[in-house]
Amino acid sequence: MRALLVLAACALAASLGSASLAAGDTTADAARLKGRLEPDAAAHVLAIVDEARSAGLPTAPLVARALEGASQQARSAVIVAEVRALAASLGGARDALGTGSRETELVAGASAIQAGVPVDSLARLRASRPGESLTISLVVLCDLVARGVPQGTATGAILSAVRAGGTDRDLLRMREHVHAQIQHGQAPAGAAQKGLRELLERRPGAREQAGGSARRTP
Amino acid sequence: MSLGRETLACCGLFALLAAGAARAESASGESAAPAWLRAPSARGPLSSVLAYDSRWAYGSLAAGVPLGARLRSGGVSSRDALPGFSVNAVLSASGQPGRVDSSPSWLRGALLLDRSGARSGGWLGLSSGEGRTGTSEVTLRLGLGAWRALTPIQIEGSVVTSVVAFRGDPRWSRTIVQHVPVGDDSSGQVFRDSSYTVSGDHMSRWLSGQGAARWQRGRIELEASGGVTAGEGATRRRWAQAAFQLQLSRRALLLASFGTRPAASLAFDPAGRPRSMIGVQLAPWSSPRWAMASAIRPSMRAWVTRRAPAGRLAIFLRCQDAKRVELASDFTDWLPTTLEPAGGGWWELIVPVEPGLHRVRARLDGGAWEVPPGLPRSPDEAEAPAGVLLVE
């Protein structure tokens, strides 16, 4: 009985602490948004952020997206809509990639969803590489779409590369090949297919090839 | 020697040209005036040329000062407003090391009144002479010119009147005969004719007419010019020159020419080339409007990040021809943050950054926001894509 009481007290303290932390986060977010957004828009954004926090989603990207919109002098309605869409995409990414996914995976996954990548493609990507980070795969996928590769082609190329055991370094190298091909005038879809072919031909020796220009921070 | 008629004629013609330029002007847009005419305001106060021709290596310095803000027709002063009148002073010096005083044209000064529209304009100039050559000395030049832009060709025509003083020239020597009394005889005083020659001093006018056509594309300009000079005491001289310019950077211009240009043609253009030559013109304080510098766009070349102590990130961005580099990201709350020059074209920013996936944009000289080089793009912004930076 005593043990039960202690446990309950701990749970209460933890929940109070958590609520206190959440309140602190909300205050900090409000301070960042103050002066950058109109009061109504800021209130809407904070409500979305609180909702996302309650759902266990990362909230920093939501506040950042609101500030980004403010810096581009977007209308308040557009900013709120963008933040709401990003929150929904983050939720979709978590559903597809799993609750244990890293924050960077969720952010990259949300970006992929906003680029038109189907949620089930993210789930297949996760299934192809269980337990490993999908951040780079998703970043490369988004980059290919941003450079004009049709979403279906880009998704197929990344899935094929991951299923073939392509590492993050391989994917980044493929991205650079595709970029170079596009710059030389090749159609983006053809460039992506050629990039994938090169990656598959290099496998399995690609792991040993060093010197890729991964844009990571050491 | 009077310059009255020439001066009146030049002023009259200039007024006509200025009126023509005023009709052709556009309310906005940059003037397409010849680079040499825009030099004092666009190239900066000082430029130098290091060159080699078939005779020697030589150098020259040109200093130009825009004396008056551009005055619009309504009399409202505005530096940015085009077109309008402007007054420029130009001083140039040139010579070969150790032989500066041997060149007759080593120091020159000119005053230019320029009326430039968007596509046409005219100028009136007064230039000091360039010293004595043989028995002749040019003391003053009065020039008048007009230009017209027919993109991508530009044509220019000008007339220069030179006041020339001949000193001790035998062509104008005079024989003076005097009756000198040598004594008396029975018939009276005796005279003898005595004659002597006075070497002649004489003032004259030379007239030079010239035309030029220029073609410009990107960083390259080709020019063909030619003219004729005639006047009392001078043999008629025709000349032609082809010139090439390549804008190497905002501050450096590669020059090459084939053929000659007489001093009258160079009186108002200190960067002009008297002979076949190859050289480099450097203008350390030039603006992007100088010569073909506007063809040079600042660009980002490389991006490197490195973890710094205390949770900070050192960001290095290598840029070419940039004077200001700014970065905006979620880790700056999307507020533009200026990078500091770090030498060798690199710009640096050290800023606290949490691990995670970040969106980044950069811009040069206040231009459009761009994805830093080498970073993957985020696809959700069609108009201003962002770069994606993974910080671990």
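The structure displayed is predicted, hence computed values, not measured ones.
- For residues 31-49 of chain A, the interface with chain B (any heavy-atom pair closer than 4.5 Å) comprises A:Arg32, A:Arg36, sorted by residue number.
- The side chain to side chain contact (heavy atoms under 4.5 Å, CB included) test with A:Leu67 singles out one residue from B:Thr332, B:Leu335, B:Asp330, B:Asp333, and that residue is B:Asp333.
- Put simply, the side chain of B:Arg377 does not reach to within 4.5 Å of the side chain of A:Cys142, judged on heavy atoms.
- A pairwise comparison of heavy atoms in A:Val145 and B:Pro379 identifies CG1-CB, 4.3 Å as the closest pair.
- Across all non-hydrogen atoms, the minimal contact from B:Gly356 to A:Thr104 is CA-CG2, 3.6 Å.
- Heavy atoms of A:Arg147 lying under 4.5 Å from chain B belong exclusively to its side chain.
- The shortest distance between side-chain heavy atoms of A:Val139 and B:Leu390 does not fall below 4.5 Å.
- Remark: B:Phe244 CZ is packed, more than 12 non-hydrogen atoms of other residues, nucleotides or ligands lying under 6.0 Å away.
- Taking the side chain as every heavy atom from C-beta outward, B:Leu357 and A:Thr135 approach each other to under 4.5 Å.
- Here the closest heavy-atom approach between residue B:Trp334 and residue A:Ser71 is recorded as O-CB, 3.3 Å.
- Surrounding CZ of A:Arg163 are more than 12 heavy atoms belonging to other residues, nucleotides or ligands, all under 6.0 Å away.
- For A:Glu51, the CD atom sits in a loose shell: 12 or fewer heavy atoms of surrounding residues, nucleotides or ligands are nearer than 6.0 Å.
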Please tabulate, one pair per line, all N/O donor-acceptor pairs under 3.5 Å involving side-chain atoms of residues 182-193 of chain A, not counting sequence neighbours.
{"from": "A:His184", "atom 1": "ND1", "to": "A:Ala180", "atom 2": "O", "distance (Å)": "2.7"}

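- The line from CZ of B:Arg361 to CD of A:Glu68 is 4.5 Å long, rounded to the nearest 0.5 Å.
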